[in-house]
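Quick note: numbers below take in every heavy atom, side chains included, and nothing from hydrogens, waters or symmetry partners. The residues of the chain are indexed from 1 along the displayed sequence. Since the structure is predicted, the reported quantities are computational estimates derived from the model, not experimental observations.
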Amino acid sequence: GMRTIYNQASTSIVVDGNQIYDLFEGATITYTFDGGEVAKTQGTDGAGINIATNQGSTLQFTLKETSRSIAFLNNLRLRQENGGLGVTVVARTGANILLTMTNAYISRPGQLATGDKQMAGLQFTLTTAEDDITNLTVEG
């Protein structure tokens, strides 16, 4: 899918109404659109366009291991594993683009290996089948 990388210094993330704090310095936030690729097909009646179904999107971000948001995200994941519902995720980028994920689910965090012995980070992944992008920049 199409993968977009944002500078975490200018991006805010809100999960289930809670601001996510203590992003890992220098780590990027990636937002990947799953599906929706467009391909040209060659048929007997000439070229055609085939558009893959939009399969939603995936948001990945890394938190400091001391982040006060880790407990919140882990509790959310445990709640979902026990039948809890998906949550709304809103990411606002420095370019004033609003990414909204509805009914998002959180994966078990992966460990980020860093060369820095002082501090490690935990990467979190949120996935949804329902997303929306809004450009908040007003022209004129």
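- Residues satisfying the ring-ring contact (aromatic ring centres under 6.0 Å, His included) criterion with Tyr31, sequence neighbours excluded, are Phe33.
- Taking 4.5 Å as the limit, every side-chain heavy atom of Thr93 sits out of range of all side-chain heavy atoms of Ser10.
- Following chains of ILVMFWY side-chain contacts shorter than 4.5 Å, one can reach Leu76 starting from Ile70, so the two form part of one hydrophobic cluster.
- From Leu73, atom CG reaches atom CD1 of Ile20 across 4.0 Å, with rounding to the nearest 0.5 Å.
- Under the rule for a side chain to side chain donor-acceptor pair (under 3.5 Å), the partners of Asp132 that lie at least two apart in sequence or sit in another chain are Thr134.
- Residues passing the side chain to side chain donor-acceptor pair (under 3.5 Å) test with Asn75, sequence neighbours excluded: none.
- Remark: Thr127 engages Thr58, Thr125 in a side chain to side chain contact (heavy atoms under 4.5 Å, CB included) (not counting sequence neighbours).
- For the residue pair Ala104 and Val89, the shortest heavy atom distance occurs at CB-CG2, 3.8 Å.
- Applying the salt bridge (Lys or Arg N to Asp or Glu O under 4.0 Å) rule to Glu81 yields the partners Arg77, Arg108; only residues at least two apart in sequence or on another chain are considered.
- How far CG of Asp131 is from OG1 of Thr100: 9.0 Å, rounded to the nearest 0.5 Å.
- For the atom pair CG (Leu126) and CZ (Phe61), the distance works out to 5.0 Å, reported to the nearest 0.5 Å.
- A continuous path of ILVMFWY side-chain contacts below 4.5 Å connects Phe72 to Phe124, so both sit in one hydrophobic cluster.
- With sequence neighbours excluded, the residues satisfying salt bridge (Lys or Arg N to Asp or Glu O under 4.0 Å) with Asp16 are Arg79.
- Rounded to the nearest 0.5 Å, atoms CD (Gln60) and CD1 (Ile29) are 11.5 Å apart.
- Under the side chain to side chain donor-acceptor pair (under 3.5 Å) criterion, Ser69 pairs with no residue, sequence neighbours left out.
- Residues Val90 and Leu98 meet the side-chain proximity criterion, which asks for heavy atoms closer than 4.5 Å.
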Leu63 vs Leu23, side chain to side chain contact (heavy atoms under 4.5 Å, CB included): CA-CA, chis, key distance, verdict: CA-CA 4 Å; Leu63 299 182; Leu23 289 157; 3.7 Å; yes
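- The CD atom of Gln80 sits 8.5 Å away from atom CG of Leu85, with the distance rounded to the nearest 0.5 Å.
- Considering CD of Glu65 and CG of Asp22, their distance stands at 11.5 Å, rounded to 0.5 Å.
- Put simply, the side chain of Thr128 gets close to the backbone of Thr102: a donor and an acceptor are under 3.5 Å apart.
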